[in-house]
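Below is one structure, written out as structure tokens, with a few remarks after it.
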Amino acid sequence: MADMMTTQAGDAGAFRDFDLSRVPSPCFVVDEVAVARNLAILGDVADRSGAHVLAALKAFSMFSLAPLVRQYLAGTCASGIYEARLAREEYGGEVATFCAAYKEQDIDGILSLSDHVIFNSPAQKDRFLARAQAAGVQVGLRINPEHSEGEVAKYDPCAPCSRLGTPVSQLTPEALSGVDGLHMHTLCEQGFEPLRRTWQAVAPKLAPYLPGLKWLNFGGGHHITRADYDRDALVAFLRGIRDTHGLEVYLEPGEAVALDAGILVGEILDLPRNGMDLAITDISATCHMPDVIEAPYRPALMGEAEAGHRYRLGGPSCLAGDVIGDYTWAAPLEIGQRFAFLDQAHYSMVKTNTFNGVPLPAIALWNSTTGALRILRQFDYSDFKERLS
């Protein structure tokens with residue numbers, strides 16, 4: 001199975017010294033020092049480029065860290081009314097909201113919570129334009145540059161027949177009537193060069209419309225806090241657009257806020273054998289790390305050995321495909337043994353579910369400098385039951 005999946009590298013960092021027995025299992029553990037380090041990098045990019053950098057709540061919405069986010073970033077971006085409300089209530093600053101389609105019953109609430117509301121199509125923009133203008137909200141239109149840089153089709157907003165964004169070839173003065181800015185989100189876990197190539201492809205097509213705009217939003221998918229990201233090139237690029245076109249520029253990193261800042265701690269429950277050694281854990285791919293199945297990808301195991309005893313790890317649910325991957329330990333596993341997957345703060349935490357009645361992981365906040373640990377949330381039966389009726 002592992003050969004069929006992309007491995008998420010991950011960096012253990014300070015977690016190498018974390019005692020996994022300090023938290024209940026399963027449990028997400030987020031290092032606030034690592035988050036602060038990522039935010040400082042993003043804040044530096046904002047300061048040097050003049051860009052508005054917004055944290056994408058869809059990737060990481062651990063609002064206990066909202067005061068920390070406020071220290072470094074201009075605000076947040078949301079994907080609907082619940083995230084917009086969380087953004088306004090907990091984070092403050094600028095709130096930019098994009099949704100593939102807004103519901104009539106939600107739009108007034110979204111307008112009251114947002115500074116920018118970005119529409120996916122001219123039809124949606126026209127439907128709600130007067131109300132947005134009356135609310136004093138900046139109006140955006142998401143475009144599809146029709147230039148694909150995606151490495152995985154299901155995560156490529158510019159894939160053929162994509163529902164996300166208005167194809168740039170369909171832009172007209174009428175489509176942009178009342179529009180203050182354009183939004184494009186075309187990347188996924190990528191460096192600077194794909195952004196540069198995208199702009200080179202789409203800029204000539206946007207040239208007739210740029211003088212009538214106030215801002216450009218380059219969305220998310222930028223791995224800005226990764227060690228090999230060319231941040232100096234990004235800063236120069238953003239400053240160039242501001243200076244050349246007189247536009248404000250926005251970035252919406254999500255994963256970059258929490259990159260390598262969290263682990264998911266689990267425990268070995270049983271060690272059966274069927275053609276190979278198996279390990280049943282209290283971590284479920286389908287419930288706790290759904291991207292393992294959806295992407296798919298193989299999460300990095302902290303401290304995995306290069307050779308030794310190999311096990312296929314799976315979750316406790318009844319789903320036959322609830323398999324995390326094949327992993328190697330230097331010594332045979334034991335019942336009750338703890339382990340951890342790396343780089344689980346972003347996306348995994350916000351995508352958890354209670355399929356099959358599998359309990360949700362607890363959430364803990366750790367300070368790798370002081371060693372202080374707080375268990376922020378533990379879930380129980382009521383969290384499962386109250387979602388149902």
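Since the structure is predicted, the reported quantities are computational estimates derived from the model, not experimental observations. Just the heavy atoms: all of them, side chains too, but no hydrogens, waters or symmetry mates, feed the values below.
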Quiz item: Are the ring centres of H52 and W215 closer than 6.0 Å?
Solution: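 Ring centres of W215 and H52 not closer than 6.0 Å.
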Quiz item: Are Y91 and F63 close enough that their ring centers fall under 6.0 Å?
Solution: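 Ring centroids of Y91 and F63 are no less than 6.0 Å from each other.
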Using a strict cut-off of less than 4.0 Å between a Lys/Arg side-chain nitrogen and an Asp/Glu carboxylate oxygen, indicate whether [X] and [Y] qualify as a salt bridge.
X: D243; Y: R239; result: no
X: D383; Y: R387; result: no
X: D115; Y: R88; result: yes
X: E104; Y: R127; result: yes
X: E304; Y: R298; result: yes
X: K351; Y: D291; result: yes
X: K58; Y: E83; result: no

Practice problem: Begin with the C-alpha distance, continue with both residues' side-chain angles, and end with the deciding distance and a verdict on salt bridge (charged side-chain N to carboxylate O under 4.0 Å, His left out) for D277 and R312. | Solution: CA-CA 6 Å; D277 289 331; R312 178 161 294 174; over 6 Å; no
Is there a donor-acceptor pair under 3.5 Å between the side chain of [X] and the backbone N or O of [Y]?
X: R70; Y: E90; value: yes
X: N217; Y: G219; value: yes
X: T166; Y: N120; value: yes
X: D17; Y: S368; value: no

Considering all heavy atoms, the nearest [X]-[Y] contact:
X: I375; Y: P24; answer: CD1-CD, 3.9 Å
X: L182; Y: L176; answer: CD2-CD2, 3.6 Å
X: F355; Y: C318; answer: CZ-SG, 4.4 Å
X: R196; Y: A233; answer: NH2-CB, 4.1 Å
X: L373; Y: A364; answer: CD1-CB, 4.0 Å
X: I241; Y: V249; answer: CG2-CG1, 3.7 Å

Quiz item: Residues two or more places apart in sequence or in another chain: which of them pass side-chain hydrogen bond (donor to acceptor under 3.5 Å, both in side chains) with Q378?
Solution: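 With sequence neighbours excluded, Q378 shows a side-chain hydrogen bond (donor to acceptor under 3.5 Å, both in side chains) to no residue whatsoever.
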Practice problem: Flag the pair H288 / L264 as yes when at least one side-chain heavy-atom distance between them is below 4.5 Å, and no otherwise. | Solution: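 With C-beta onward as the side chain, the pair touches.
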Quiz question: by atom type and distance under 3.5 Å, do the side chains of [X] and [Y] form a donor-acceptor pair?
X: E146; Y: S169; result: yes
X: H185; Y: E252; result: no
X: T286; Y: D322; result: no
X: Y250; Y: E94; result: yes
X: R338; Y: S21; result: no
X: N144; Y: S162; result: no

Self-check item: Verdict with supporting geometry, L319 and N356, side chain to side chain contact (heavy atoms under 4.5 Å, CB included)
Solution: CA-CA 9 Å; L319 180 69; N356 225 185; over 6 Å; no
Quiz prompt | CA sep, side-chain torsions, deciding dist, call: V117, V139, side chain to side chain contact (heavy atoms under 4.5 Å, CB included) | solution = CA-CA 5 Å; V117 170; V139 172; over 6 Å; no
Exercise. Could you go through the salt bridge (charged side-chain N to carboxylate O under 4.0 Å, His left out) check for E248 and K214 one step at a time?
Key: CA-CA 6 Å; E248 293 298 306; K214 298 176 182 177; over 6 Å; no
[atom1] ([X]) with more than 12 external heavy atoms under 6.0 Å:
X: F379; atom1: CZ; result: yes
X: R163; atom1: CZ; result: no
X: R374; atom1: CZ; result: no

Practice problem: For residues 119-144, pull every pair meeting ring pair (Phe, Tyr, Trp, His ring centres under 6.0 Å), keeping only residues two or more places apart or in separate chains. | Solution: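 Ring pair (Phe, Tyr, Trp, His ring centres under 6.0 Å) check on residues 119-144 returns Y102-F119.
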Practice problem: Identify whether NZ of Lys or CZ of Arg in R310 sits under 6.0 Å from the centre of the six-membered ring of Y327 and within 45° of that ring's axis. | Solution: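 Judged by the rule, R310 and Y327 form no cation-pi pair.
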Quiz item: Do Y72 and V30 belong to the same hydrophobic cluster, where Ile, Leu, Val, Met, Phe, Trp and Tyr are linked whenever their side-chain heavy atoms lie under 4.5 Å apart, directly or via other members?
Solution: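 The answer is yes; both residues are in one hydrophobic cluster.
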Self-check item: Pair D260-R226, salt bridge (charged side-chain N to carboxylate O under 4.0 Å, His left out): steps then yes or no
Solution: CA-CA 9 Å; D260 292 325; R226 199 172 66 199; over 6 Å; no
Exercise. Could you walk me through whether M184 and F218 pass side chain to side chain contact (heavy atoms under 4.5 Å, CB included), step by step?
Key: CA-CA 5 Å; M184 61 187 85; F218 290 99; 4.1 Å; yes
